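Structure record follows, encoded as structure tokens.
These numbers come from a predicted model, not from an experiment.
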Amino acid sequence: EIRQMTDVIACNGYENEEDTQDPLTGLPPHSMQIVVDGGSPAAIADCIFRRKTNGCKQIGTESYQITDKSGTQRTMKWSQPTYVEAYASIVVARKELFTDVSEDLIKNAILSKVYNIGEEVSTYELGQLIQEANGVSPNFYIKTFFVGKTANPSTDTILRITALERAIFTADRITIAVVNADG
């Protein structure tokens, strides 16, 4: 329901029903954590209040007070994601000499991808977006494509994102080199 709110960019929910700490999310036993990017605190808290199970501990850095039917104040908790500044380094090769390659087309294809909370960045997926944007008769191909958390990454094709993070690209963190197909 929170994901459907018009002012919510991304949202993920985690629940640990077990008697031990969850090794992937770090949630303590019998707890839940909602991670929301955007949204109105009142609307988020109302949704959590109406849907949360009694006895389930809420984990979160954000909070909002809701008054229940008996007049009792209840604190609803959730978290905001930590933004991961993603960088991309791409080398594309022209299929023919002197063919114009639009770096803006490549950057816009990458920037069109909105990442959810906890979603990893894959150069394969981004490469598909670039090729789709390039059309049915592409004038270039991707020679190398790397992503990372620092400028000019040169080794990773997948950027791992934790359950509480959200990857964000900006045009100035995407470097593109255009070369001829023969070198």
Side-chain angles (χ1 to χ4, degrees), residues 1-53 55-64 66 75-90 106-133 142 145-175:
E1 186 177 333
I2 294 172
R3 279 191 190 116
Q4 304 308 313
M5 295 177 186
T6 57
D7 54 351
V8 169
I9 300 165
C11 175
N12 254 353
Y14 307 99
E15 183 178 16
N16 181 6
E17 298 175 339
E18 304 300 321
D19 294 331
T20 58
Q21 181 172 325
D22 185 298
L24 296 176
T25 63
L27 283 177
H30 309 288
S31 66
M32 62 176 260
Q33 184 170 25
I34 308 295
V35 185
V36 184
D37 190 0
S40 151
I44 293 167
D46 179 64
C47 183
I48 293 170
F49 176 72
R50 288 183 290 105
R51 295 189 172 258
K52 102 171 197 58
T53 305
C56 184
K57 181 178 178 156
Q58 300 172 63
I59 306 296
T61 56
E62 306 295 314
S63 65
Y64 191 88
I66 295 282
T75 302
M76 298 297 109
K77 294 182 179 180
W78 68 95
S79 294
Q80 293 180 329
T82 300
Y83 298 115
V84 173
E85 294 182 346
Y87 290 81
S89 177
I90 307 164
I106 295 168
K107 286 183 180 184
N108 288 336
I110 292 170
L111 295 173
S112 73
K113 172 69 176 150
V114 177
Y115 286 92
N116 198 6
I117 297 158
E119 182 180 2
E120 68 186 15
V121 177
S122 163
T123 59
Y124 177 78
E125 181 181 22
L126 291 174
Q128 287 181 315
L129 290 173
I130 292 167
Q131 294 299 357
E132 288 170 15
I142 297 171
F145 194 167
F146 299 108
V147 290
K149 293 182 181 180
T150 59
N152 300 312
S154 60
T155 58
D156 294 325
T157 58
I158 294 179
L159 175 58
R160 305 283 180 211
I161 301 296
T162 70
L164 303 178
E165 295 177 326
R166 181 167 168 257
I168 304 282
F169 274 105
T170 58
D172 63 327
R173 292 195 308 265
I174 302 169
T175 58

Would Ile34 and Cys11 count as a side chain to side chain contact (heavy atoms under 4.5 Å, CB included) here? Give the steps. CA-CA 7 Å; Ile34 308 295; Cys11 175; 4.0 Å; yes

If you round to the nearest 0.5 Å, how far is SG of Cys47 from CD1 of Ile66? 10.5 Å

Go through Val114 and Ile9 one step at a time and tell me if the side chain to side chain contact (heavy atoms under 4.5 Å, CB included) criterion holds. CA-CA 8 Å; Val114 177; Ile9 300 165; 4.1 Å; yes

Sequence neighbours left out, what pairs pass salt bridge (charged side-chain N to carboxylate O under 4.0 Å, His left out) with at least one residue falling in residues 9-25? none

Of the non-hydrogen atoms in Ile161 and Ala167, which two are nearest, and what is the gap between them? CD1-CB, 4.0 Å

In Å, rounded to the nearest 0.5 Å, how long is the span from SG of Cys56 to NE2 of His30? 9.0 Å

Quick check for you: to the nearest 0.5 Å, what is the distance between Ile44 atom CD1 and Ile2 atom CD1? 6.0 Å

Check against side chain to side chain donor-acceptor pair (under 3.5 Å), Tyr14 and Asn12: CA-CA 7 Å; Tyr14 307 99; Asn12 254 353; 3.2 Å; yes

Under the side chain to side chain donor-acceptor pair (under 3.5 Å) rule, collect the residues that match up with Asp46, sequence neighbours excluded. Arg50

Shortest non-hydrogen contact from Ile174 toward Lys107: O-CE, 3.4 Å

Can you find a pair of side-chain heavy atoms, one from Phe146 and one from Ile90, that are under 4.5 Å apart? no

Met32 side chain near Lys57 side chain, heavy-atom distance below 4.5 Å: no

So which heavy atom on Ala86 is nearest to which on Phe169, and how close? O-CD2, 3.3 Å

Straight-line distance of Ile59 CD1 to Ser31 OG, nearest 0.5 Å: 4.5 Å

With a cut-off of 6.0 Å (strictly less than), are more than 12 heavy atoms of other residues, nucleotides or ligands near CZ of Phe49? yes

Is there a side-chain contact between Pro81 and Leu164 (heavy atoms, below 4.5 Å)? no

When rounded to the nearest 0.5 angstrom, what distance separates CD1 in Ile117 from CD in Gln80? 9.5 Å

Which heavy atom in Trp78 sits nearest to a heavy atom in Pro41, and how many Å separate them? CH2-O, 3.7 Å

Only counting residues at least two apart or in another chain, list the ones meeting side-chain contact (heavy atoms from CB on, under 4.5 Å) with Ala151. Tyr87

CD1 on Ile130 to CD on Glu125, rounded to 0.5 Å: 11.0 Å

Could you pull out all residues at least two apart from Thr123 that satisfy side-chain contact (heavy atoms from CB on, under 4.5 Å)? Phe145, Val147, Thr157

Which residues share a side-chain contact (heavy atoms from CB on, under 4.5 Å) with Ile168, sequence neighbours left out: Tyr83, Arg166, Arg173

Looking at residues at least two apart in the chain, or sitting in another chain, which of them share a side chain to side chain donor-acceptor pair (under 3.5 Å) with Asp7? none

Using salt bridge (charged side-chain N to carboxylate O under 4.0 Å, His left out) as the criterion, list what pairs up with Arg51, not counting sequence neighbours. Glu1

For Ser79, all residues meeting side chain to side chain donor-acceptor pair (under 3.5 Å), sequence neighbours excluded: Gln33

Please enumerate all residues that pass side-chain contact (heavy atoms from CB on, under 4.5 Å) together with Thr75, with sequence neighbours excluded. Ser63, Gln65, Lys77

Residues forming a side chain to side chain donor-acceptor pair (under 3.5 Å) with Glu119, sequence neighbours excluded: Lys113

On a heavy-atom basis, the closest approach of Val8 and Gly39 is CG2-CA, 3.7 Å

Could you report the tightest heavy-atom contact between Asn16 and Pro28, atom names first, then the distance? ND2-O, 3.2 Å

